[in-house]
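Okay, structure first, notes after.
Model, not experiment: these values are computed from the prediction. We count ligands from 1, going down the list as the structure has it; atoms in each ligand are counted the same way. FYI, side chains are in, hydrogens and waters are out, and symmetry mates aren't considered; it's all heavy atoms of this structure.
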Amino acid sequence: MATKTLETASIGLIGYGAIAHDLHRMLSSDGRTAQITLLLRADSPSRKTVPAGVAVVSTIASLVAVRPDIVVEAAGQQAAAEYLPDVLEAGIPVIMASTGALADPELFARLANAAQKGGTRLSLPAGAIGGLDYLRAVAGHPSTRVCYTSRKPPASFREELAAIGHDADGLRSEVLLFEGSAAAAAQRYPRNLNVAFSIALAVGLDKVTVKVIADPLVVRNTHELDIDGALGQARMSFANTPSPDNPKTSMLTAYSLWAALERQFQQVEL
Ligand SMILES: NC(=O)C1=CN([C@@H]2O[C@H](COP(=O)(O)OP(=O)(O)OC[C@H]3O[C@@H](n4cnc5c(N)ncnc54)[C@H](OP(=O)(O)O)[C@@H]3O)[C@@H](O)[C@H]2O)C=CC1
Ligand SMILES: O=C([O-])CC(=O)C(=O)O
């Protein structure tokens with residue numbers, strides 16, 4: 001990989017939704033013509049949004065056969081579980097957006113083993129937040145505790161609110177949807193709470209408590225972290241613009257994946 005650059009690399013992209021659209025645009029801007037192979041299901045509605053000239057395959061075997069330099073998953077937790085072991089085992093590095101899939105310890109072990117067998121690495125981007133370097137550092141002290149609150153406009157939790165008798169469009173005050181562990185949050189809200197599990201992986205699963213709030217008074221996807229312990233206190237807050245294509249997803253996520261991709265091809269890693 002050392003001689004390749006992001007401009008000359010062959011990139012496998014799983015999914016073509018809000019994140020992948022933005023990533024594809026970034027990879028193709030400034031006169032670049034990225035070599036991208038998309039994996040979408042044969043009957044995927046997303047196929048009709050794929051620009052002419054972009055190669056599309058329907059199976060993970062076909063994607064692996066192309067031998068991309070790297071694969072980026074931006075399709076969802078179920079897709080990550082289904083496809084990524086084969087990619088890693090084939091020795092192809094992976095950047096995974098749907099980090100909440102790792103809340104399943106069996107899948108975590110399967111992916112780690114596949115990466116070891118393939119002699120490659122699974123990279124987890126910061127996604128819709130930042131500050132994972134700080135969390136990784138304070139993880140070392142047993143006193144560290146993190147309270148993470150995901151606060152999003154009601155449109156991001158339309159189905160969940162309906163299930164408890166609320167109309168997302170008529171909500172007047174905030175609704176606490178969930179309080180508990182990061183693993184439970186990531187599994188209960190697979191399209192909204194991957195960040196919770198990224199935080200937990202960085203700082204330690206036992207150190208994090210999570211609140212999930214639908215709030216009609218916010219217009220941004222807001223991630224608040226309160227960190228406390230013998231090393232000190234920190235407060236981080238991210239107020240992200242939701243993607244126009246998918247309000248659950250912050251636009252920042254595609255930029256984070258782009259930054260993670262760039263790092264893969266740099267000799268000096270920041
Ligand atoms: N780590 C982080 O901070 C964040 C992580 N995420 C993760 O990224 C994922 C993608 O986000 P986003 O782009 O907004 O989602 P979208 O719903 O906009 O797009 C998902 C895309 O993936 C495709 N897809 C879904 N399942 C499969 C499958 N089994 N095989 C192939 N393609 C599939 C969909 O195609 P189809 O048309 O067939 O449904 C669609 O093209 C989220 O589900 C979430 O897990 C999101 C935000 C932040
Ligand atoms: O994009 C966001 O704000 C967070 C998100 O959806 C997730 O963590 O799955």
Legend entry - Exceeds 12 heavy-atom contacts within 6.0 angstrom, atom CD of Glu106: no
Inset, instruction - Tell me which part of Arg47 gets within contact of ligand 1: side chain, backbone, both or neither, using heavy atoms under 4.0 Å. - result: neither
Inset, instruction - Give a yes or no on whether a salt bridge exists between Glu159 and Lys248, defined as a side-chain N under 4.0 angstrom from a carboxylate O. - result: yes
Inset, instruction - Check whether any side-chain heavy atom of Val212 sits under 4.5 Å from a side-chain heavy atom of Phe157, and report yes or no. - result: yes
Inset, instruction - Would you mind listing which atoms of ligand 1 come within a distance below 4.0 Å of any non-hydrogen atom of Ser98? - result: 7 (C), 8 (O), 9 (C), 44 (C), 45 (O)
Inset, instruction - Identify the protein heavy atom lying closest to atom 17 (O) of ligand 1, giving its residue, its atom name and the separation to 0.1 Å. - result: Arg191 NH2, 2.9 Å
Inset, instruction - Considering only non-hydrogen protein atoms, determine which one is nearest to atom 1 (N) of ligand 1 and report residue, atom name and distance to 0.1 Å. - result: Ala97 O, 2.9 Å
Inset, instruction - Compute whether any side-chain donor of one residue and acceptor of the other, for Ser243 and Thr249, lie under 3.5 angstrom apart. - result: no
Inset, instruction - Would you name the heavy atoms of Val195 and Ala128 that are closest together and state the gap between them? - result: CG2-CB, 3.8 Å
Inset, instruction - Give yes or no for whether the N/O distance cutoff of 3.5 Å, strictly under, is met between Ser250 and ligand 1. - result: no
Inset, instruction - Check for a donor-acceptor pair, side chain of Ser28 on one end and backbone N or O of His24 on the other, with a separation under 3.5 Å. - result: yes
Inset, instruction - Going by heavy-atom distance to atom 14 (O) of ligand 1, choose the closest among Leu124, Thr249, Thr253. - result: Thr249
Legend entry - Under 4.0 Å to a heavy atom of Asn221 - the qualifying atoms of ligand 2, by number: 3 (O)
Inset, instruction - Answer yes or no: is there a side-chain heavy-atom contact under 4.5 Å between Leu205 and Phe197? - result: yes
Inset, instruction - Heavy-atom contacts with Gln78 under 4.0 Å: which atoms of ligand 1 show up? List them by number with element. - result: 29 (N)
Legend entry - Any Thr8 side-chain heavy atom under 4.5 Å of Phe265 side chain: no
Legend entry - Check: Asn240 N/O within less than 3.5 Å of ligand 2 N/O: no
Legend entry - Residue Glu262 excluded, over 12 heavy atoms near CD under 6.0 Å: yes
Inset, instruction - Inspect the contact between Asp133 and Arg136 and indicate whether a charged nitrogen and a carboxylate oxygen are less than 4.0 angstrom apart. - result: no
Legend entry - Pro190 and ligand 1 - part of the residue with a heavy-atom distance under 4.0 Å: backbone
Legend entry - Element-labelled atoms of ligand 2 that are located less than 4.0 Å from some non-hydrogen atom of Lys248: 1 (O), 2 (C), 3 (O), 5 (C), 6 (O)
Inset, instruction - Would you indicate which of Ile19, Thr59, Ile14, Leu40 comes nearest to atom 46 (C) of ligand 1 when only heavy atoms are counted? - result: Ile19
Inset, instruction - Would you mind listing which atoms of ligand 2 come within a distance below 4.0 Å of any non-hydrogen atom of Asn192? - result: 4 (C), 5 (C), 6 (O), 7 (C), 8 (O), 9 (O)
Inset, instruction - Considering heavy atoms of the protein only, find what lies nearest to atom 4 (C) of ligand 2 and give residue, atom and distance to 0.1 Å. - result: Lys152 NZ, 3.4 Å
Legend entry - Shortest protein heavy-atom distance from atom 19 (O) of ligand 1, along with the residue and atom involved: Gly17 CA, 3.2 Å
Legend entry - Pairing of Asp226 and Arg145 as salt bridge, 4.0 angstrom limit: no
Inset, instruction - Heavy atoms only: give me the nearest Thr144-Val138 pair and the separation to one decimal. - result: OG1-O, 2.7 Å
Inset, instruction - Please say whether Thr249 places an N or O atom under 3.5 Å from an N or O atom belonging to ligand 2. - result: no
Legend entry - Location of contacts on Ala75 toward ligand 1, heavy atoms closer than 4.0 Å: both
Inset, instruction - Of all the heavy-atom pairs spanning Ala20 and Gly15, show the shortest one and how long it is. - result: CB-O, 3.2 Å
Inset, instruction - Please work out whether any backbone atom (N, CA, C, O) or any side-chain heavy atom from C-beta onward of Asn194 is under 4.0 Å from ligand 2, and answer side chain, backbone, both or neither. - result: both
Inset, instruction - Please tell me if the side chains of Met251 and Pro244 come closer than 4.5 Å, counting only heavy atoms from C-beta onward. - result: yes
Legend entry - Close approach, Asp245 and ligand 1, non-hydrogen under 4.0 angstrom: no
Legend entry - Within 6.0 Å of CZ in Arg67, more than 12 heavy atoms from elsewhere: yes
Inset, instruction - Could you list which atoms of ligand 2 come closer than 4.0 Å to a heavy atom of Ala128? - result: 1 (O), 2 (C), 3 (O), 4 (C)
Inset, instruction - Name the closest protein heavy atom to atom 34 (C) of ligand 1, giving the residue it belongs to and the distance to 0.1 Å. - result: Ser46 OG, 3.8 Å
Inset, instruction - Could you tell me whether some N/O pair between Ala126 and ligand 1 is separated by less than 3.5 angstrom? - result: no
Legend entry - For atom 23 (C) of ligand 1, the protein heavy atom that lies nearest, with its residue and separation: Gly15 CA, 3.8 Å
Inset, instruction - Could you tell me the separation between the OG1 atom of Thr253 and the CG atom of Asp22, rounded to the nearest 0.5 Å? - result: 9.5 Å
Legend entry - Proximal atoms of ligand 1 relative to Tyr16 (non-hydrogen, under 4.0 Å): 21 (C), 40 (C), 41 (O)
Legend entry - Nearest-contact summary for atom 38 (O) of ligand 1 - protein heavy atom, Å: Ser44 OG, 2.7 Å
Legend entry - Subset of ligand 1 atoms that lie under 4.0 Å from at least one heavy atom of Val195: 3 (O)
Legend entry - Contacting atoms of ligand 2, where contact means under 4.0 angstrom from a heavy atom of Thr253: 1 (O)
Inset, instruction - Considering heavy atoms of the protein only, find what lies nearest to atom 15 (O) of ligand 1 and give residue, atom and distance to 0.1 Å. - result: Asn246 ND2, 3.5 Å
Inset, instruction - For ligand 1, find out whether one of its N or O atoms is nearer than 3.5 Å to an N or O atom of Ala128. - result: yes
Inset, instruction - Side-chain contact test, heavy atoms from C-beta onward, threshold under 4.5 Å: evaluate it for Asp215 versus Thr222 and give yes or no. - result: no
Legend entry - N/O separation below 3.5 Å, Pro190 to ligand 2: no
Inset, instruction - Could you say whether the N/O atoms of Glu73 and ligand 1 ever approach to under 3.5 Å? - result: no
Legend entry - Non-hydrogen atom of Pro45 closer than 4.0 Å to ligand 1: yes
Legend entry - Test item: Ile129 and Met236 side chains (from C-beta on) under 4.5 Å apart, heavy atoms: no
Inset, instruction - Quick one: look at Leu252 and ligand 2, take heavy-atom pairs under 4.0 Å, and tell me if it's side chain, backbone, both or neither. - result: neither
Inset, instruction - Output the list of atoms in ligand 2 that are nearer than 4.0 Å to some heavy atom of Arg191, sorted by atom number. - result: 6 (O), 9 (O)
Legend entry - Shortest protein heavy-atom distance from atom 44 (C) of ligand 1, along with the residue and atom involved: Asn194 ND2, 3.2 Å
Inset, instruction - Please tell me if the side chains of Arg188 and Phe178 come closer than 4.5 Å, counting only heavy atoms from C-beta onward. - result: yes
Inset, instruction - Among all protein heavy atoms, pick out the one at the shortest distance from atom 1 (O) of ligand 2; state its residue, atom name and that distance to 0.1 Å. - result: Ser250 N, 2.7 Å
Legend entry - CZ-CZ distance between Arg220 and Arg151, expressed to the nearest 0.5 angstrom: 15.0 Å
